[in-house]
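Everything on this sheet refers to the single structure shown next.
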Amino acid sequence: MGLLSLTFLTALVGLAASQSAVFIGGNLSDGNAPIWDTVVALAGGKGVAKFGIFTTASADPEGSAAYYIDMLVNVYGAASATYIPITETSNNADDPAMVDLVRQQTGFFFGGGDQLRILNAIRPAGRETLVLAALTEMVKAGATVGGTSAGAACLSNTVMITGGSSYDALIYGAFSGGPNSNNPGDLSYDEHGGLGFLAGWVPDTHFSERGREARLIRLLQDTRYRDIGTPLGFGLDEDMALVVTDLYTRPVGKVIGISGGMFVADVTNTIVTPSTTTNYEGVSAHYLTQDDTIDLTTGNVTFASWKTPLKGNEQYANAEISNDILSSKRSRSWASAAAQFFDNQLDDTVTHFSFEKNPTFEVSFNRLSGAGYRGPLPNDPLTFVVSHENLQVGIRESIAV
């Protein structure tokens, strides 16, 4: 591959931040200016940013690209946005014309759909195509890369989630490959990994809305010892973003958005007890909301300065018990239960239950080593959000009769 042209190296030098990525949890709303504006700013700003649009994941790539082009240019002020016509069946990810098109941009955006389409087109069977090499080259030189839903799930270098539900994941475990059309609840992953922009973390999307906490925990545990496995993962709620800067040195992520947050799971110290399914103890979990940051090298969390500790200022006497903790029906059961747990005065432990039976799963929360924080949103002082760190989670098959 040739070197970047002097013209585009010069353009990249002036970008607002170097080596950055924006992970978006899906269902990004047209009016979510904090996220759209950040994506444009990281690519050089209004009137400067030039985007390459990858809608490879979509069943209607051209129609999807037209939407992103309109949003980025006509609504949020990018200088240009160009559809990169690479699809699962186009077989042109090694075409020099596509490589040249990539090298003309200061930012890249991957739309939603099916993340396997992206891998099949741009990184088939783990092979680095010329377009992927050019993308990596541009991001290392200072361009930004972002994606929503499937377009975010594919951005890491670890195993990539391709499907499944929390309940089935706990029963059957993780399987390498694509989604199972006969049982869409099966937890599946691609063993070759994603596009490789962020190291060491498995990303997931549509998170609290679809109750994906337990499926992420099971995936991390089942794949952590594979060549590209990791004990670390995060899941973004819809219309939320994690903005990662300094991707190739010491990446730090900041949460943007007001509709939810970001779940973080660490199974490094998890103890597994074999059973008819699998029982876990010692999963460490955080939940970050607007303006919280995480050092993606150490895992250390910093809460926004406008949030204060919950301890001593709790609103509830006791923790409430959920009987549908694994719900995938947009109820945000786990996230709501965790927030209320840290906002209770008396209970340091609580056990929740799955709605599903045969088996029923118990999910225990322990906050003895954790801390919760709460604060009013800066632009909406009547709305309060809760963040927390070091929630200790246990998951086991219920022995209740």
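Numbering of residues begins at 1 and proceeds along the displayed sequence.
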Side-chain touch F353/I325, heavy atoms, less than 4.5 angstrom: no

Whether over 12 other heavy atoms sit under 6.0 Å from Y83 OH: yes

Side chain to side chain contact (heavy atoms under 4.5 Å, CB included) partner of F109, the single match among I84, I24, I69: I24

Side-chain heavy atoms of L232 within contact of V202, under 4.5 Å: no

Parallel, tilted or perpendicular: rings of Y76 and W36 (30°, 60°): parallel

Beyond-backbone contact of Q115 with M160, side-chain heavy atoms, under 4.5 angstrom: yes

Any donor-acceptor N or O pair under 3.5 Å, side chains T158, T230: no

Heavy-atom check, side chain of L170 versus side chain of L326, under 4.5 Å: yes

More than 12 heavy atoms from other groups under 6.0 Å of CZ on F384: yes

Check ion pair D237-R332 (N to O, under 4.0 angstrom): yes

Ionic contact status for D246 with R250, cut-off 4.0 Å: no

Ring-ring centroid check F207 F263, cutoff 6.0 Å: yes

Side-chain heavy-atom pair L119, P124 within 4.5 angstrom cut-off: no

H206 vs R212 side-chain heavy atoms within contact, under 4.5 Å: yes

Sub-4.5 Å side-chain heavy-atom contact between T106 and M138: no

Residue pair D347 / A319: nearest heavy atoms and the distance that separates them: OD2-N, 2.9 Å

Atom CG of D227: over 12 foreign heavy atoms under 6.0 Å: no

Pair E238 + R330: basic N to acidic O under 4.0 Å: yes

Ring geometry between W334 and F365 (parallel below 30°, tilted from 30 to 60°, perpendicular above 60°): tilted

Residues, nucleotides or ligands: over 12 heavy atoms within 6.0 Å of I258 CD1: no

Side chain proximity check, Q345 to N318, heavy atoms < 4.5 angstrom: no

